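To start, the structure itself, in structure tokens.
In this text the structure is predicted, and so the values were computed from the model without any measurement. Sequence lines set the chain letters: A, B, ... in the order given, protein chains first and strands last, and positions in each chain run from 1.
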2 protein chains.
Amino acid sequence: MTSSHKQSKKQDLPPTAWAVLGLLSFPGERTGYELKKWADSSLRFFYWSPAISQIYAELRRLEELGYATSARSGPEEARAKRRYAITAAGREALAGWAGDTAEAGPPVLKHGLLLRVWMGHLSEPERLRALVGEHVERTLAELAAVREAMEHAAEVPEWGFPALALRWSERQHLAELDLARALLADLDDLAGLPGVDAPGAPEAAAPARGAVGEAPPAGRPGARRP
Amino acid sequence: MTSSHKQSKKQDLPPTAWAVLGLLSFPGERTGYELKKWADSSLRFFYWSPAISQIYAELRRLEELGYATSARSGPEEARAKRRYAITAAGREALAGWAGDTAEAGPPVLKHGLLLRVWMGHLSEPERLRALVGEHVERTLAELAAVREAMEHAAEVPEWGFPALALRWSERQHLAELDLARALLADLDDLAGLPGVDAPGAPEAAAPARGAVGEAPPAGRPGARRP
DNA sequence: TTGCCCATGTAATTTGTTACATGATTTA
DNA sequence: TAAATCATGTAACAAATTACATGGGCAA
């Protein structure tokens, strides 16, 4: 078991494989099914929750690489229940990946709402505003889900880092709500109706000031009516 | 060539196809190459910039569907320069997609840094802080790129909506910087060193207040040292 | 006894990437 | 005249999804 096993390219797995291995890096053994449920209430808030079929595929790959082991229980036949655990090699590889500066790229954001705003000339102004409203609704629902997950995470003391990640996600969703409010205001400006039909909130502005470069405080961008 | 052409499923294209069609929805005809460059300085900030080879593929598909037309110029031979334009059918379909409430899902975010923080037990605290620092650097660079793109967008009067999207992106990046600052503070707390080695900024807090549910103001989460 | 949750997997397909091939036009 | 940029495409592959197949255990 020395020469040319299968480990062709050691440190070059897709992010999903590392994410699954990360799930395994917490104490305890679990099944693919359990991993999926856990991902649904943690990773999905700031990263991604793979399809269950992909989790099984990654688990097999990780085992082939020697990064995980499995013990089957129940029927000795095919499709027996398998509980997976990380190996020492797996832990080491994962730690290497997690700390690798080159590996960590920029965050990936695909924001469907903004794509629609960008081509806003195709929609009625009202439709656009409605889309933003739906986005706010979805964000509120997500925020509630994050907070629920936070309660679970708070129960277990060794989940300090997962709790941190969830706190980040909570703030991120709050920021998303602020961005939506500002977007709505800009949309009004561009439509040429300055501040008339705003239904609720009385101009709660002051968005994201930073030590970096102050966000253009005066003078909205559009507002060019002939 | 009338009966069963190829348009099997009318309104069911991948988001990338719609994005490319969206690029085409602005006045003027352009080549795939030009589309790619434009996407690199607009769509990529809040959505995504497809590979050039995929742009060509999508353009061919859009033409097959009758959503775009192309006129070749230069050599009549193969691989002639092609300028694409949207058709009336294309514009209609795109408008339908853009306004469709069911079509617009939640934004997709894959944040590699947070994935690493989530499994922070695998890294040295210093490494983790360094990763956050790099993220801040990247974000600042992106922010500068957004601002440069905004200058270009400001030149052309009919780019009101693209300008809005860029403004959103600018604020989004500023929010990301705030989130990184808060994350760093939480990391310090969890490490047990409360607020000592903060190098620069004198506690510029007050992140995202919202009418929704105030972000836990007092009492940090971790801070449980034995 | 029907339906739901647990649990694992295969197959087909879509989406998207990188690497490669080719050549024209512009700029230094 | 060499290099960069413009410009279009093909081929091979990777990543990930959906749909499907299978079956045990448990609760209404």
State whether a side-chain donor-acceptor pair under 3.5 Å links [X] with [Y].
X	Y	value
A:S25	B:H121	yes
B:R44	B:S49	no
B:H111	A:Q172	no

Shortest side-chain distance from [X], nucleotide among [options]:
X	options	answer
A:R60	D:dT8, C:dT10, C:dG16	C:dT10
A:E34	C:dG16, C:dA7, C:dT17	C:dA7
B:K81	D:dA7, D:dT10, C:dG16	D:dA7
A:S53	C:dA7, D:dA19, C:dT15	D:dA19
A:P14	C:dT18, D:dA16, D:dT8	D:dA16
B:T16	D:dA16, C:dG16, C:dT8	C:dG16
A:Q54	C:dT8, C:dG16, D:dA15	D:dA15

Please report the distance, rounded to the nearest Å, between [atom1] in [X] and [atom2] in [N].
X	N	atom1	atom2	result
B:R82	D:dC6	CZ	P	21 Å
B:D12	C:dT13	CG	P	16 Å
A:I55	D:dT17	CD1	P	9 Å
A:E58	D:dA14	CD	P	13 Å
B:K110	C:dG16	NZ	P	12 Å
A:L43	D:dA16	CG	P	13 Å
B:K36	C:dT17	NZ	C1'	11 Å
A:L59	C:dA7	CG	P	14 Å

So which one's nearest nucleotide on DNA chain D is more toward 5', B:Y84 or B:Y33?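 Mapping each residue to its closest nucleotide by heavy atoms, the 5'-most match is B:Y33.
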
Given the side-chain rings of B:W38 and A:W118, with only the six-membered ring counted for Trp, is the space between their centroids under 6.0 Å?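 Centroid distance B:W38-A:W118: below 6.0 Å, so yes.
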
Would you indicate what B:K37 reaches in the nucleic acid, counting non-hydrogen atoms under 4.0 angstrom: base, sugar-phosphate, or nothing?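 Touches sugar-phosphate only.
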
Under 4.0 Å: is that the gap between some side-chain N or O of [X] and OP1 or OP2 of [N]?
X	N	result
B:R61	C:dT15	yes
B:Y56	D:dG9	no
B:W48	C:dT15	no

For A:R61, run the side chain to side chain donor-acceptor pair (under 3.5 Å) check against A:E63, A:E64, A:E58 and tell me which one passes.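 With A:R61 as partner, side chain to side chain donor-acceptor pair (under 3.5 Å) holds for just one option, A:E58.
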
